[in-house]
Amino acid sequence: SPVIISKEQLAAITPLWYNISASLKRDPEADKRFGWVLEMWGYNIAARNMGIRHTVSQDIQVEPQGIGTDDMEGKCIYHYTFGLVIGGWRLDKRGYFGRYPSDHIPD
């Protein structure tokens, strides 16, 4: 999830990240297996190949409905990984391509 990276580091990893992601996308088996997170795997493989190490922090974000917690205390980011359903209202980032979600949440 969020990567805090300098502009220089991002510029260094981008070409390899792009090439690996494009290669995975062209491979039907990899495309099917990785699906909508394919470019995230491209980033991880590129970082590994370049010897980039990451510090994982549980203190930056909350990931509701995932393995994490819904507790926002002290967190900076609310990561919408999965869809959220409240009554008949649904918020899922995969359902709003090219338009904004409704701002009406039912009582």
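Keep in mind that the numbers below use all heavy atoms, side chains included, and drop hydrogens, waters and symmetry copies.
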Donor-acceptor contact present, side-chain Thr14 to main-chain Leu10, <3.5 Å: yes
Between atom NZ of Lys32 and atom CG of Leu38, what is the distance when rounded to the nearest 0.5 Å? 14.5 Å
Scanning both residues in full, the closest heavy-atom pair of Gly42 with Ser21 reads CA-OG, 3.5 Å
For Asp27, is there any backbone N or O sitting under 3.5 Å from a side-chain donor or acceptor partner on Asp31? no
Joint cluster assignment, Tyr18 & Ile20, ILVMFWY side-chain distance < 4.5 Å: no
What closest approach, in Å, do Pro15 and Ala11 show between heavy atoms, and which atom pair accounts for it? CD-O, 3.3 Å
Which heavy-atom pair separates Ala46 from Ile13 by the least distance, and what is that distance? CB-CG1, 4.0 Å
Report the C-alpha separation of Met50 and Leu16 in whole Å, then their side-chain angles, then the decisive distance to 0.1 Å, and conclude whether the side chain to side chain contact (heavy atoms under 4.5 Å, CB included) test is met. CA-CA 9 Å; Met50 294 179 72; Leu16 184 58; 3.7 Å; yes
Rounded to the nearest 0.5 Å, how far does CD of Glu39 lie from CG of Leu24? 10.5 Å
Should the ring pair Trp17 and Tyr43 be called parallel, tilted or perpendicular, given that the plane angle runs from 0 to 90° and is split at 30 and 60? perpendicular
